[in-house]
Amino acid sequence: MSLAVLRSRALAGMEAPAVNVEVHLANGLPGMAIVGLPDTEVREAKDRVRAALQNSGFDIPARRITINLAPADLPKESGRFDLAIALGILAASRQIRGDALEHYEFAGELSLSGQLRPIRGALAMAFAMSRQNERNAKHEPDLPPRAFILPLANADEAALVDAAAIYPARTLLEVCAHFANVPDAERLSRYGRPAPLAAPVYPDFAEVKGQQHAKRALEVAAAGAHSAILIGPPGAGKSMLAARFPGLLPPMSEREALESAAVQSLSGGFSPERWRERPFRSPHHTTSGVALVGGGNLPRPGEVSLAHHGVLFLDELPEFDRRVLEVLREPLESGHITISRAAHQADFPARFQLIAAMNPCPCGWLGHASGKCRCTGEAVLRYQGRISGPLLDRIDIQLPVAALAPDSLGAQAEGEPSSAIAARVAQAHARQLERQGHSNGQLAPNQVDRYCAPDDAGRRLLHSAAQHLHWSARAYHRVLKVARTVADLAGAEHVASNHVAEAIGYRRALRDD
């Protein structure tokens, strides 16, 4: 009887719980069975592993092979366990040395030829391994830290975890050679963190002609992490403004960049070339609720999580299914999303900035100088009513965007570049971090009273607007947050009446136009 035990990791939301891959060879009819709550992709590993071992020149033991993925109550998915299973069979059958395997964790999908294919979630797995090493160092100091062997295609993202020792490989044979009596030059080498890339390049606001009011509103939104909706006729520049919005946001911190990269890694969409680049997600209006917030039998992140520390742009907002839009309400408030299933749940971060765009009426031409609109008042209200009051209440800045007259387009001078606007945004953001430790958009109600209290004139103006426009308590607080951001952009220590007045101007709800 022969037994080999190797370590790998599963994925459960943003976590990567440890999995022991136990391979047992016993007498009996030759065959291979995988147990431990595997899904279809994992069960198919026995065919991939068998072919990969044969094509790499190894023998398949003519014995009963049982592979247990423990713990048994944790769902296992994808082909990331292929490499550990193959090595376990080789170690249990004494074709490679197994004494050093316990110092490593393994992940990688095998092709039939023995090549290692990339996997999802390598960054989350490297994080989890480094945290486990830290815990072991405290409680079991004699236990050596583990290293991580994985496909070369995943090396860049896994190496972002400085504390993790990453050993990438191209093939199963390269991994086996690492545990054989071969010269050091033929063993796997530890992978270093990739060199920093150039600063991300975004589309420039200088390309947008006119629309100074909209540009100013988006500058305020970027400075305080406020959500915004742009309302205007076709061709007014709403999508063009939104596409350039990420270029106004402050540079990503190391923590933000790692969190964003970890979410991208879970979906298999991480690219080293986009390191520290703010995500910009723009799902089509036919997107389902599961695609937007995440889900599935084994939950995966949705668009709100893939936009973490970036921008979620929803164009033609009323064309989205109303039930789909309603799922945005909780993540807009909390900054995270929890996907619950009968047996387990998964938490994903969702600290994004919502930028939405819509036409003012079904035909889109309401208020346009051409006078094309023939929509009835009832049709306009019905169209605007596709966005519920509770969702609209959570959008800080609600801004009409007028179309430029054709004869004025050529006369418009080039606008202010994004770099100049971003510099002001960065200064305002730094003031917020120094004052309260996070952006104004994340202020709690008790912090609003502490940091956003206006002067007497501003308070009277705000109360008058709240009564006239019938604001909720949430809307009242959100206007105060925007006013605080306007004051930060002006370098003012206290919120004055002119800051409140500008913030009120950005709160022209559709229902009150």
Side-chain angles (χ1 to χ4, degrees), residues 13-14 120-121 123-124 157 200-203 205 218 221-222 225-230 238-252 256-296 299-321 323-339 346-358 387 391 394-397 418 439 441-442:
M14 292 295 292
R120 295 185 302 105
L123 184 54
E157 60 180 286
V201 178
Y202 304 98
F205 256 75
L218 291 181
H226 303 293
S227 53
I229 181 170
L230 307 177
K238 304 184 297 295
S239 299
M240 192 174 186
L241 287 163
R244 284 149 181 78
F245 181 75
L248 305 184
L249 299 177
M252 296 182 82
E256 290 176 337
L258 283 172
E259 288 180 0
S260 177
V263 178
Q264 304 297 326
S265 174
L266 293 177
S267 68
F270 174 79
S271 172
E273 291 76 21
R274 304 185 68 180
W275 173 246
R276 287 185 179 272
E277 181 179 329
R278 295 280 184 180
F280 182 83
R281 306 291 300 187
S282 181
H284 192 259
H285 62 258
T286 56
T287 296
S288 67
V290 170
L292 196 61
V293 300
R300 294 192 181 184
E303 293 291 338
V304 298
S305 296
L306 295 174
H308 185 55
H309 292 313
V311 178
L312 177 66
F313 176 50
L314 301 183
D315 200 7
E316 305 296 344
L317 189 66
E319 302 302 328
F320 283 78
D321 185 277
R323 290 172 297 179
V324 172
L325 291 180
E326 292 307 295
V327 301
L328 290 173
R329 287 158 57 175
E330 290 82 2
L332 273 173
E333 291 281 350
S334 64
H336 73 274
I337 187 78
T338 300
I339 309 297
D347 290 296
F348 297 104
R351 184 67 65 186
F352 61 92
Q353 275 192 255
L354 174 65
I355 304 295
M358 63 173 287
I387 307 170
L391 176 60
R394 287 167 167 83
I395 300 178
D396 300 334
I397 295 176
S418 293
S439 63
Q442 301 174 31

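In what follows, residues are counted from 1 in the order of the sequence shown.
- Using a 4.5 Å heavy-atom cutoff, the side chains of P349 and V263 are in contact.
- Residues passing the salt bridge (Lys or Arg N to Asp or Glu O under 4.0 Å) test with D347, sequence neighbours excluded: none.
- Distance check, rounded to the nearest 0.5 Å: CG of L328 to CG of L292 gives 5.0 Å.
- Using a 4.0 Å cut-off between a side-chain N of Lys or Arg and a carboxylate O of Asp or Glu, R120 and E157 do not qualify as a salt bridge.
- Distance OG1/T286 to CG/D321: 10.5 Å, rounded to 0.5 Å.
- Between the CD atom of Q264 and the CG atom of L306 there is a distance of 5.5 Å, given to the nearest 0.5 Å.
- Here the straight-line distance linking atom CZ of F352 with atom NE2 of H309 works out to 12.5 Å at 0.5 Å rounding.
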(request) List the steps, then state whether salt bridge (charged side-chain N to carboxylate O under 4.0 Å, His left out) holds for R278 with E256. (result) CA-CA 9 Å; R278 295 280 184 180; E256 290 176 337; 3.6 Å; yes
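- At a threshold of 4.5 Å between non-hydrogen side-chain atoms, the residues L266 and R300 do not count as touching.
- Taken to the nearest 0.5 Å, the NZ atom of K238 stands 8.5 Å off from the CZ atom of F313.
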(request) Would you sort out whether H336 and F348 count as a side-chain contact (heavy atoms from CB on, under 4.5 Å), showing the intermediate values? (result) CA-CA 6 Å; H336 73 274; F348 297 104; over 6 Å; no
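- Annotation: side chain of F280 is not in contact with side chain of L312 (no heavy-atom distance under 4.5 Å).
- A side-chain donor-acceptor contact under 3.5 Å links S227 to the backbone of R394.
- With no hydrogens or angles considered, no side-chain donor-acceptor pair links H226 and Q353 at under 3.5 Å.
- Looking at V327 and V304, their side chains never come closer than 4.5 Å, going by heavy atoms from C-beta outward.
- Note that CZ of R351 and CG of L332 are 10.0 Å apart. Values are rounded to the nearest 0.5 Å.
- Contact annotation: the side chain of S418 approaches that of L248 to within less than 4.5 Å [non-hydrogen atoms, C-beta and beyond].
- Side-chain atoms of Y202 and E277, non-hydrogen and from C-beta on, do get closer than 4.5 Å to each other.
- At least one side-chain heavy atom of M358 sits less than 4.5 Å from a side-chain heavy atom of I229.
- Inter-residue side-chain proximity for M240 and R244 is flagged as met; some heavy-atom pair is nearer than 4.5 Å.
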